[in-house]
Amino acid sequence: MSSGNDCQLQTLTKPTLGEKEAAELVDRVFGLKVSWVRPLPSYDDQNFHVRVSAEGADEYVLKITNSEDSQEPDLIEAQTQAMMFLSAEGFPSPTPYLTKDGNIMSLESGDTRPGSKKYMVRLLTYLPGTPVAKIATSAQILYEIGKFAARVDKVLSEKFQHPSVKSLHRGQFIWNLANVPLLDQYIYALGQNKYRAVVEQVIEQFKGKVIPKLSSFRACINHGDLNDHNILVDSSSASLENPQYRVSGILDFSDMSYGYYVFEVAIAIMYMMIESPDPLSVGGHVLAGFESVVPLTIQERGALFLLVSGRFAQSLVIAAHTALLYPENKEYLTITAKTGWKHLMTMFEVGQEAVEKTWFETAQAYMHHAPAP
């Protein structure tokens, strides 16, 4: 598919409902009267924070899935069932408010015109908490996030069963870390510069050093997007100088797919680096937390540097490509790019050996004084 056709198709997939239309949708599909509604930032879906005049939980997120993904109801079903499963297992996840017909989702038209696009609509509980992006991360919360990531993957892989789960085998899904080589078709969006040269280097090394090793990694279900806006925390201590945070919410399951344990820790490391003033030190704390639940094998550890680099490349290239399609959403789409390019360049300037040494020595130190459970 040429980039021209690609742009044409993708430009039409994101929903563009107004606040009034969103409120009417909540009333019509879920039977709830909205008292206020405001848009939430999103990548290619559309999300609204709504408050309803009803007893009990009165705040929700109205999630309107893009028209392309809306054609895969099994996939959305799997993601939603996973949220419900995790919530029942004690993980703080959104859960769906049922439609008037008693379903967890409903396929709705974007407007009343004939032939208008249809979007899968869900109303999910609104989770309180502060996004990790809004706090100064400490070694303590980085460790907690790593541990949380491992626990989520482990319980999903060992206990989550539902007929729709097979839809999580998403072969060509661009955000699955195994698909870094697919970035070749989007790299044009970077133009010609030093950044592009580093991304090309990442892709080539990934093809040569990671892809051949995939069969040796341990497979699991990945959340796939544990970024600093999808992890909520609250403070579990009264000390303002030294707050102790705990994970209080996990959001956005739309990137779920079958992958490998090492993918999840690499993705978490990359996103935790984004906001950190000392990004190269982050990986060791996240890794230590993850390995307190799922210790990595030698092969998995050996791929970690390129997996983290690969996620940086995915985020930066796809954001650049998508910003060409949705220029009005450019600021949100390129959040990662503000510091992401700098961090990726630093990783390659410092080099794999030195970066791994920092990560692995930090993780090793936890073996001698592991945090209390």
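In this chain, residues are counted from 1 in sequence order. Here the structure is a predicted model, which is why all the values come from computation and not from measurement.
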Assess the residue pair Arg218 and Leu296 against the criterion (side chain to side chain contact (heavy atoms under 4.5 Å, CB included)); give the C-alpha distance rounded to whole Å, side-chain angles, the decisive distance to 0.1 Å, and a yes or no.
CA-CA 9 Å; Arg218 288 163 302 158; Leu296 297 187; 4.1 Å; yes

Is it true that [X] and [Y] make a salt bridge, defined as a side-chain N closer than 4.0 Å to a carboxylate O?
| X | Y | answer |
| --- | --- | --- |
| Lys118 | Glu108 | no |
| Glu361 | Lys357 | yes |
| Asp234 | Arg246 | yes |
| Lys100 | Asp27 | no |
| Lys147 | Glu144 | no |

List the atom of [X], the atom of [Y], and the distance in Å for their closest heavy-atom pair.
| X | Y | value |
| --- | --- | --- |
| Val293 | Ala150 | CB-CB, 3.6 Å |
| Ser70 | Met120 | OG-N, 2.8 Å |
| Glu300 | Pro295 | OE1-O, 4.4 Å |
| Leu190 | Trp341 | CD2-CZ2, 3.5 Å |
| Thr362 | Thr358 | OG1-O, 2.8 Å |
| Ala288 | Tyr366 | CB-CD1, 3.3 Å |

Look only at the side chain of His343 and the backbone of Met273, and say whether a donor-acceptor pair between them is shorter than 3.5 Å.
yes

Got a donor-acceptor contact below 3.5 angstrom from the Ser157 side chain to the Ile221 backbone?
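Yes: the side chain of Ser157 pairs with the backbone of Ile221.
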
Single-linkage hydrophobic cluster, 4.5 Å side-chain cutoff, Leu86 and Met105 together
no

Give a yes or no on whether Phe173 and Leu168 share a hydrophobic cluster (residues Ile, Leu, Val, Met, Phe, Trp, Tyr; joining criterion: side-chain heavy atoms under 4.5 Å apart).
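Yes.
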
How many angstroms lie between atom [atom1] of [X] and atom [atom2] of [Y], to the nearest 0.5 angstrom?
| X | Y | atom1 | atom2 | answer |
| --- | --- | --- | --- | --- |
| Phe48 | Glu21 | CZ | CD | 8.0 Å |
| Arg170 | Glu72 | CZ | CD | 6.5 Å |
| His285 | Ile141 | NE2 | CD1 | 12.5 Å |
| Ile269 | Leu226 | CD1 | CG | 12.0 Å |
| Cys220 | Leu156 | SG | CG | 8.5 Å |
| Arg122 | Thr95 | CZ | OG1 | 12.0 Å |

Under the criterion side chain to side chain contact (heavy atoms under 4.5 Å, CB included), I'd like the reasoning laid out for Glu275 against Thr339: C-alpha separation, chi angles, the key distance, then a yes or no.
CA-CA 8 Å; Glu275 304 288 342; Thr339 51; 5.9 Å; no

Report the C-alpha separation of Phe253 and Thr80 in whole Å, then their side-chain angles, then the decisive distance to 0.1 Å, and conclude whether the side chain to side chain contact (heavy atoms under 4.5 Å, CB included) test is met.
CA-CA 8 Å; Phe253 287 71; Thr80 314; over 6 Å; no

Check against side chain to side chain donor-acceptor pair (under 3.5 Å), Asn176 and Asn179:
CA-CA 6 Å; Asn176 188 301; Asn179 290 329; 5.0 Å; no

Partners of Asp225 by salt bridge (charged side-chain N to carboxylate O under 4.0 Å, His left out), sequence neighbours excluded?
Arg311

For Tyr261 and Phe290, take the angle between the two ring planes, folded into 0 to 90°, and tell me which bin it lands in: parallel under 30, tilted 30 to 60, perpendicular over 60.
perpendicular

Over 60° means perpendicular and under 30° means parallel, so tell me whether Phe160 and His162 are parallel, tilted or perpendicular.
parallel

Side chain proximity check, Ile64 to Asp45, heavy atoms < 4.5 angstrom
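No, side chains not in contact.
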
Is any side-chain heavy atom of Val308 less than 4.5 Å from a side-chain heavy atom of Met347?
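A side-chain contact under 4.5 Å exists here.
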
Phe360 ring centre to Arg301 NZ or CZ under 6.0 Å, with the angle to the axis within 45°?
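Yes, a cation-pi geometry.
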
Checking side chain to side chain contact (heavy atoms under 4.5 Å, CB included) for the pair Asp153/Asn222: CA distance, chi angles, key distance, verdict?
CA-CA 6 Å; Asp153 282 17; Asn222 290 146; 3.0 Å; yes

Check step by step if salt bridge (Lys or Arg N to Asp or Glu O under 4.0 Å) holds for Glu158 and Lys154.
CA-CA 6 Å; Glu158 292 177 357; Lys154 195 166 189 288; 3.2 Å; yes

